[in-house]
Amino acid sequence: TGVQTCALPIWLRATVGIDAATNGRGSVRFRIGDGVKTLWDSQDMTYYTPPKEIDLDVSDAILLMLWVDDTGDGTKDDIANWAGLRLELK
């Protein structure tokens with residue numbers, strides 16, 4: 001009949017940031033979407049931005065898309081890390 005979502009609460013958890021190998025360079029923007037809309041957006045991050053924790057309820061999502069964008073200054077040294085990425089039932 002229709003597409004059904006999970007009845008259980010599902011959380012996406014991770015830590016995102018710029019890799020230390022960039023030595024002070026690099027800038028990116030992390031995003032998570034469901035194929036229709038953006039569910040989470042880190043805003044622009046540089047080497048000096050502290051890592052950001054993601055704790056996101058994705059129970060209603062049928063599809064999850066994770067991507068990293070350049071912030072408009074070129075892709076040189078844009079080494080992005082998704083650390084500890086996992087889905088958890090709550």
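Since this is a predicted model, take the numbers as computed values, not measurements. Scope of the values below: all heavy atoms of this structure, side chains included, with no hydrogens, waters or symmetry mates.
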Between Asp78 (side chain) and Gly26 (backbone), is there a donor-acceptor pair under 3.5 Å?
no
Closest approach of Ile32 to Leu66 (non-hydrogen atoms, all atoms of both residues)
CG1-CG, 4.2 Å
Residue pair Ile18 / Ile79, side-chain heavy-atom distance below 4.5 Å:
no
CG of Asp70 to OG of Ser27: how many Å apart, nearest 0.5 Å?
6.0 Å
I'd like to know if the side chain of Ser59 and the backbone of Ile10 have a donor-acceptor N/O pair within less than 3.5 Å.
yes
Between Thr38 (side chain only) and Trp40 (backbone N and O only), is there a donor and an acceptor less than 3.5 Å apart?
no
Thr22 to Asp77 - nearest heavy-atom pair and separation:
CG2-O, 2.9 Å
Between the main-chain N or O of Ala83 and the side-chain N or O of Asn81, is there a donor-acceptor pair closer than 3.5 Å?
no
4.5 Å side-chain heavy-atom contact, Met45 and Val16
yes
Contact between Leu87 and Leu64 at the side-chain level, heavy atoms closer than 4.5 Å - yes or no?
yes
Are Met65 and Val68 connected in the hydrophobic side-chain network, where two residues link if heavy atoms are under 4.5 Å apart?
no
So, for Tyr47 and Asn23, which heavy atoms are closest and what is the spacing to 0.1 Å?
CE1-N, 4.1 Å
Can a donor-acceptor pair be found, under 3.5 Å and without considering hydrogens, that links the side chain of Ser42 to the backbone of Phe30?
yes
Do you know which two heavy atoms are closest between Trp11 and Lys90, and how far apart they sit?
CD1-CG, 3.0 Å
CG-CZ distance between Asp41 and Arg31, expressed to the nearest 0.5 angstrom:
4.5 Å
Rounded to the nearest 0.5 Å, what separation is found between the CG atom of Asp34 and the CG atom of Leu39?
4.5 Å
Could you go through Arg13 and Asp55, starting from their C-alpha distance and side-chain angles, then the distance that decides it, and tell me whether this counts as salt bridge (Lys or Arg N to Asp or Glu O under 4.0 Å)?
CA-CA 5 Å; Arg13 294 203 161 95; Asp55 190 21; 2.5 Å; yes
Under a 4.5 Å side-chain heavy-atom rule over Ile, Leu, Val, Met, Phe, Trp and Tyr, are Leu8 and Leu12 clustered together?
yes
State the CG-CD1 distance between Leu56 and Ile54, to the nearest 0.5 angstrom.
7.5 Å
To the nearest 0.5 Å, atom CG of Asp19 lies from atom CZ of Arg25 at 12.0 Å
